[in-house]
Amino acid sequence: MSLHLLTKRIIALLCLMLSLFASAQDEDKLDSKNEAAAESSIFSSRERQTFVVLSNGFNLPITAGNNFIGQGLEGNSGLDFGFQLYLYKQFFIGFSLNYNFFDVKDQSVVGNYKKTKVNEELLNIGYEFLPTDKLRLGVVASVTGSARFKNKQSSGSNQAYQIDHSRLSNYGIYIRYELNSVVMVYLDYAYSIAKTDIMVPNELEDVFRKGTYNNVGIGLAFNIGKRDLISRFLN
């Protein structure tokens with residue numbers, strides 16, 4: 001099964017789960033006295049527990065390393081879309097769809113291209129810490145991922161493209177500040193490793209087999225619900 005098909009099925013399943021639990025929102029409004037008495041720590045908080053988080057932001061890709069990305073490309077801008085489902089307390093699974101835009105800085109490395117767009121699809125796991133009353137600190141790692149490189153050729157008036165694919169690994173952290181019980185502003189950082197199957201001469205394999213880049217982003221995130229998935233069945 002392709003990652004693209006798997007992604008569609010995961011999104012459909014998550015949407016179904018959301019619709020099933022939407023009717024339980026009234027149950028999320030627990031008695032305020034019980035909320036105040038609930039225990040809270042850096043690892044969990046009954047008052048601040050959430051079910052789903054949706055996020056959207058802008059990022060700056062920063063190329064790095066002795067590889068075709070680090071040597072041949074320069075980050076321009078990017079967009080991030082994220083979905084997190086909290087399974088138990090602060091442990092979550094998530095899906096992210098990201099778009100990164102690069103300018104070509106050295107055609108002698110990557111070929112006769114002008115720009116490159118990278119579409120990322122990632123299935124993630126992570127954990128979120130609660131260090132203060134308003135802050136959330138999360139660590140995230142991809143379980144599986146893919147990237148699609150769309151390389152725009154710079155020759156002639158007719159736009160032409162070449163498509164390359166890679167397996168993608170992603171590791172990141174984020175910090176979120178709660179503006180209220182629903183809306184948060186966040187900063188995040190991610191390190192991405194793209195492993196490709198690009199056919200190149202043997203002497204260039206070390207440059208093209210793996211590319212690395214960083215992402216620094218800012219955006220908004222939105223809480224939905226006040227109980228994690230497992231607690232909805234246990235309580």
Side-chain angles (χ1 to χ4, degrees), residues 7 10-11 13-15 17-18 20-22 24-25 27-30 32 34-60 78-98 120-145 168-193 214-235:
T7 297
I10 290 173
I11 293 175
L13 177 61
L14 292 175
C15 291
M17 293 172 65
L18 281 174
L20 291 174
F21 288 111
Q25 287 299 304
E27 298 179 10
D28 288 337
K29 299 178 181 178
L30 303 174
S32 59
N34 291 336
E35 288 282 351
E39 293 185 358
S40 298
S41 72
I42 191 173
F43 299 106
S44 66
S45 171
R46 186 177 178 185
E47 292 181 349
R48 298 171 65 193
Q49 182 61 53
T50 189
F51 177 40
V52 164
V53 170
L54 303 177
S55 61
N56 179 213
F58 300 93
N59 70 68
L60 174 64
L79 295 171
D80 293 339
F81 302 91
F83 175 97
Q84 290 176 206
L85 172 65
Y86 287 74
L87 297 179
Y88 183 66
K89 294 187 176 180
Q90 304 309 118
F91 177 75
F92 62 84
I93 61 172
F95 172 76
S96 56
L97 181 63
N98 310 320
E120 302 177 357
E121 295 181 356
L122 292 157
L123 182 63
N124 307 310
I125 59 172
Y127 192 87
E128 190 174 76
F129 299 92
L130 306 172
T132 70
D133 288 344
K134 293 291 186 178
L135 292 181
R136 296 172 180 263
L137 176 64
V139 292
V140 186
S142 63
V143 176
T144 183
L168 187 67
S169 299
N170 184 279
Y171 308 93
I173 59 174
Y174 65 77
I175 185 168
R176 292 173 177 163
Y177 180 79
E178 299 173 354
L179 300 177
N180 52 48
S181 62
V182 175
V183 183
M184 300 176 287
V185 61
Y186 71 82
L187 294 170
D188 65 5
Y189 165 80
Y191 178 70
S192 299
I193 304 171
N214 307 276
N215 265 312
V216 178
I218 185 172
L220 294 175
F222 304 90
N223 289 321
I224 301 175
K226 294 183 67 64
R227 283 192 295 167
D228 60 78
L229 179 64
I230 292 177
S231 296
R232 290 171 178 265
F233 292 100
L234 298 180
N235 301 326

Legend entry - Closest contact, heavy atoms only, V139 versus F129: CG2-CE1, 4.4 Å

Legend entry - Separation of L79 CG from N59 CG (nearest 0.5 Å): 7.5 Å

Inset, instruction - Would you confirm whether K226, through its side chain, and E47, through its main-chain N or O, come within 3.5 Å as a donor-acceptor pair? - result: yes

Legend entry - Smallest separation among heavy atoms of P131 and R136, with atom names: CD-CA, 4.4 Å

Inset, instruction - Would you please test V183 and F222 for side chain to side chain contact (heavy atoms under 4.5 Å, CB included) and show each step? - result: CA-CA 5 Å; V183 183; F222 304 90; 4.0 Å; yes

Legend entry - N214 side chain to Y189 backbone, donor-acceptor under 3.5 Å: no

Inset, instruction - Please answer whether the main-chain N or O of V216 pairs with a side-chain N or O of D188 as donor and acceptor at a distance below 3.5 Å. - result: no

Legend entry - Minimum-distance pair of heavy atoms, taken over all atoms of S169 and S142: CA-OG, 3.5 Å

Inset, instruction - Among Q84, K89, Q90, find the residue that satisfies the side chain to side chain donor-acceptor pair (under 3.5 Å) test when tested with Y86. - result: Q84

Legend entry - Flag side-chain contact, heavy atom, 4.5 Å: I175 against L135: yes

Legend entry - L97 CG to F83 CZ distance, which is reported to the nearest 0.5 Å: 13.5 Å

Inset, instruction - Kindly give the heavy-atom pair with the smallest separation between A141 and Y171, and that separation in Å. - result: CB-CD2, 3.9 Å

Inset, instruction - Dump the intermediate steps for side chain to side chain contact (heavy atoms under 4.5 Å, CB included) on F58 and D80, then the final yes or no. - result: CA-CA 6 Å; F58 300 93; D80 293 339; over 6 Å; no

Inset, instruction - Measure across T50 and V53 and return the closest heavy-atom pair with its distance rounded to 0.1 Å. - result: CG2-CG2, 4.0 Å

Inset, instruction - Working to the nearest 0.5 Å, report the span between CG of L122 and CG of N98. - result: 6.0 Å

Legend entry - Closest heavy-atom pair and its distance - Y186, S55: CE2-CB, 4.0 Å

Legend entry - Straight-line distance of Y191 OH to I173 CD1, nearest 0.5 Å: 14.5 Å

Inset, instruction - Applying side chain to side chain contact (heavy atoms under 4.5 Å, CB included), run through M184 and L220 and close with a yes or a no. - result: CA-CA 6 Å; M184 300 176 287; L220 294 175; over 6 Å; no

Legend entry - side chain to side chain contact (heavy atoms under 4.5 Å, CB included) evaluation trace for F92 with V140: CA-CA 9 Å; F92 62 84; V140 186; 3.9 Å; yes

Legend entry - From Y127 atom OH to L87 atom CG, the distance as rounded to the nearest 0.5 Å: 12.0 Å

Legend entry - Min side-chain heavy-atom separation R176-V185 under 4.5 Å: no

Legend entry - Test side-chain contact (heavy atoms from CB on, under 4.5 Å) applied to I218 - qualifying residues, sequence neighbours left out: L187

Legend entry - Straight-line distance of R48 CZ to D133 CG, nearest 0.5 Å: 6.5 Å

